[in-house]
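Here is the naming used below: chain letters follow the sequence lines, and residue numbers restart at 1 for every chain.
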4 protein chains.
Amino acid sequence: MPKVSEAHRHNRRKQILDAAIECFSHRGFQRTSMDDIIRESKLSAGAIYLYFQSKDQIIETLADERHDREKQLIQQSLSQGDWTENLRLLVRNFYESLENSAERKERRLGIHLWAEALCNPKVLRLIRRGINQPVKLLSQAIGEAQVDGLLGKDIDPEAAARVLIAMFHGLILQQAWDDGTDIESFAVVVQAMIDAYLSTESRRRP
Amino acid sequence: MPKVSEAHRHNRRKQILDAAIECFSHRGFQRTSMDDIIRESKLSAGAIYLYFQSKDQIIETLADERHDREKQLIQQSLSQGDWTENLRLLVRNFYESLENSAERKERRLGIHLWAEALCNPKVLRLIRRGINQPVKLLSQAIGEAQVDGLLGKDIDPEAAARVLIAMFHGLILQQAWDDGTDIESFAVVVQAMIDAYLSTESRRRP
Amino acid sequence: MPKVSEAHRHNRRKQILDAAIECFSHRGFQRTSMDDIIRESKLSAGAIYLYFQSKDQIIETLADERHDREKQLIQQSLSQGDWTENLRLLVRNFYESLENSAERKERRLGIHLWAEALCNPKVLRLIRRGINQPVKLLSQAIGEAQVDGLLGKDIDPEAAARVLIAMFHGLILQQAWDDGTDIESFAVVVQAMIDAYLSTESRRRP
Amino acid sequence: MPKVSEAHRHNRRKQILDAAIECFSHRGFQRTSMDDIIRESKLSAGAIYLYFQSKDQIIETLADERHDREKQLIQQSLSQGDWTENLRLLVRNFYESLENSAERKERRLGIHLWAEALCNPKVLRLIRRGINQPVKLLSQAIGEAQVDGLLGKDIDPEAAARVLIAMFHGLILQQAWDDGTDIESFAVVVQAMIDAYLSTESRRRP
DNA sequence: AATGAATGAGGCTTCATTCAT
DNA sequence: TATGAATGAAGCCTCATTCAT
């Protein structure tokens, strides 16, 4: 058994996962057959099973790799010191990522994963984990904003974080259903809502 | 002349659709076999094909019937005269519908439809139609609010409507992934955001 | 159970058999579903089973009724006294029946029965019976022609009869496969062959 | 690299087609289920679909391969120089092929194809092609015989060819319906008819 | 490591026939 | 008599996975 370099293994895995993303994002998990992935990856049936134990494992792997993007999106945006600026950056980054058509496939895949999570415990666990991290990051930041007096203390930071993420998810859906969706105008509204929300408290102070 | 009553036909259809919802919401469209639906409906294979031409047609029928709920939700909430009160009602109604565990199945089904729309043109068309109506209703109302001076004229009413709906969709997702999600606290945040948003303009005026 | 007139029963049967011929001649026996026949006959499923026990029985009934035509064709043509004239008439009649497009359906049905006979013993028996009678009629006549010295005694009358019928069957096939087949030119050739055949013997005699 | 040899692929195809012929010739196309063919071929369901796209394609393949035999039969018989001898050979060869019980299955299959052609456009096209070639060969030869003065110029060569083929087809039918059919006596009659037909013209000449 | 032919359970749907009305 | 809804076995085909090479 001619053992192969780690780099080779990594490339093969990527080759398979890329093919899987291509197929899954177009036709969903169940409609995509292993044959589709085999054809797209230009590998053989046997080869794929050398790198993944099953179709489900491919799906799980993709689910696992998926939410990194969102986490990064948020982490990048929270690196600044200024809290208001942070949020502005977050919305901006999110808006730009939606505009990035290269990621369209990944977003579609993400939606399939959201549904898959409802009937696949492993995917569900991964999705939850994938959402908890951003929630934690965001609510931490919001908590700090409260401490700084930028936000009313009556707000539940986690709830606020989740609402923000919900908005993002919902917009991803709408864009996936209608490619012509005007993302820019979304961003304006979202930014305005956040601005209004943030300024509420500051106004309360004399 | 055993031509059966219209009521009987209607009941049978419902029997099938209920079984389908039960199955689909648990296991998604493709993982659910016709045999599952047959067993759940306690009908025979042939009987089902007396009422629906194919599995896909059942899915489409469900997609068609699905978004009525959302439309109703919004229509009910916009019947009042007072605009601010209307929005409060909308959020309240949505919150209550999320709490209503009887509709949990339907919401899970809805999520499956969201993903299905990505690879099923007919479902996509139905989803779009299902979303356009609420958007129209909401943006009309928002437009009126602008005329009344409750909202800045620089806001795109449709974008605002879509953001609101996005939030709802996103929250449906989070609740589906985690039954323990604290819906009440969501509602508080959403309401606060809207309040803040609405009051922005009024503050501008002396 | 309101017993119905014999005429009524007869009409219903004809209604069903006509529908069956229409369907079977177009799509063969197995491709035609009972539903096709039900629709074509404008009766109900139950009604048909009041008159026939099964789909197979309909087929058998049609097979039974089918070969009367051929028998008639031959019987008509053998009524004359002059033997040569008889054969001329037979060919003529056959030629005319092929031209008769109203019977096209029946001829197609006949071909389906020929194939069906290969895997349906009852139909096979009926086909055999349907062929034996013409063979008997024809070979009897040929036998008489031999006695009259019109034909060589070395000819097997039954074989000659069967060859004649084979020709007819083969021509039915060719016409069924190609509607534009030139039947008239067939008739000329067949007639010429028969003429030549018959005159062989007469020539032998000084 | 288990990409299998071309010979292996060819054998598998033959294995499937042989099984199909066995089944189809006994029970016709529609009565034969894929399961029958699978069982008879001793392959798995999936394996068969590796070689043929559908049941219909198997039927079409058989139709395609079928009429070679008839063509060969005629071609072999027309290789001689002497025209009269050619026809004698043709009849002889046909007679022998009918006697050959190993081909009985193929002849039964052929009859099923004749009926199938009436409701399957692809098979119809193949049958037509399968008949046109023999017709062309035969009528060419007959045309040459006319030039040689062996046959009256008033005869349509194609019609004569078609009548000859019709006779063959008709005899195939009769033999299929009754295994005891006396083929030898058929041959005698057919030969006698042809002889008589051919000698007509020569007699006209002084 | 890599191939791709082979497996066979299981998917969707049709259809001849029955039976309550 | 007549209806047509209902049955459920059986039909064709697909697909994730394995294994000899």
Atom-to-atom span, [atom1] of [X] to [atom2] of [N] - whole angstrom:
X	N	atom1	atom2	answer
D:Asp35	F:dC12	CG	C1'	9 Å
A:Gln15	E:dA1	CD	P	14 Å
B:Gln30	F:dA16	CD	P	12 Å
D:Ile48	E:dA5	CD1	C1'	14 Å
D:Arg39	E:dT7	CZ	C1'	17 Å
D:Ile16	E:dA6	CD1	P	9 Å
C:Lys42	F:dA2	NZ	P	17 Å
B:Ile58	E:dG11	CD1	C1'	14 Å

Heavy atoms under 4.0 Å, any strand shown: does A:Arg12 hit a base, just sugar-phosphate, or nothing?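 It contacts sugar-phosphate atoms only.
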With a non-hydrogen cut-off below 4.0 angstrom, is D:Tyr51 in contact with a base, only sugar-phosphate, or nothing?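 Sugar-phosphate contact only.
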Quick one: on DNA chain F, does D:Asp36 or C:Ser44 contact a more 5' nucleotide (nearest heavy atom)?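 Looking at DNA chain F, the more 5' nearest nucleotide goes with C:Ser44.
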If you find the nucleotide of DNA chain F closest to A:Ser33 and the one closest to D:Met34, which residue's nucleotide is nearer the 5' end?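 This one resolves to D:Met34.
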Check the phosphate of [N] against [X], side-chain N and O only, distance under 4.0 Å to OP1 or OP2. Yes or no?
X	N	value
A:Arg9	E:dA1	yes
B:Tyr49	E:dT14	no
D:His8	E:dA6	yes

Would you say NE2 of A:His8 has more than 12 non-hydrogen atoms from neighbouring residues, nucleotides or ligands within 6.0 angstrom?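 Count over threshold, so yes.
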Do C:Arg31 and D:Glu116 sit within salt-bridge range, that is, some charged N less than 4.0 Å from a carboxylate O?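 Yes, this pair counts.
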Quick check on DNA chain E: between D:Leu43 and C:Thr32, whose nearest nucleotide comes earlier from the 5' end?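 Result: D:Leu43.
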Taking for each residue the nucleotide of DNA chain E bearing the nearest heavy atom, is the 5' side occupied by D:Ala47 or by C:Asp56?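 Of the two residues, D:Ala47 wins.
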Backbone N or O of [Y] within a donor-acceptor pair of the [X] side chain at under 3.5 Å?
X	Y	answer
D:Ser25	D:Leu109	no
A:Trp177	B:Trp114	yes
D:Ser41	D:Ile38	yes

Check: C:Glu65 and C:Glu106 side chains under 4.5 Å, non-hydrogen atoms: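 No; the side chains remain at least 4.5 Å from each other.
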How about B:Gln57 and B:Phe52: do any of their side-chain heavy atoms sit closer than 4.5 Å?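 In contact.
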Please work out the stems of DNA chain F from pairs that are Watson-Crick or G-U wobble with both distances under 3.5 Å, keeping only runs of three or more consecutive pairs.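 For DNA chain F the paired stretches long enough to count as stems (3 pairs minimum) are E:2-21 with F:2-21.
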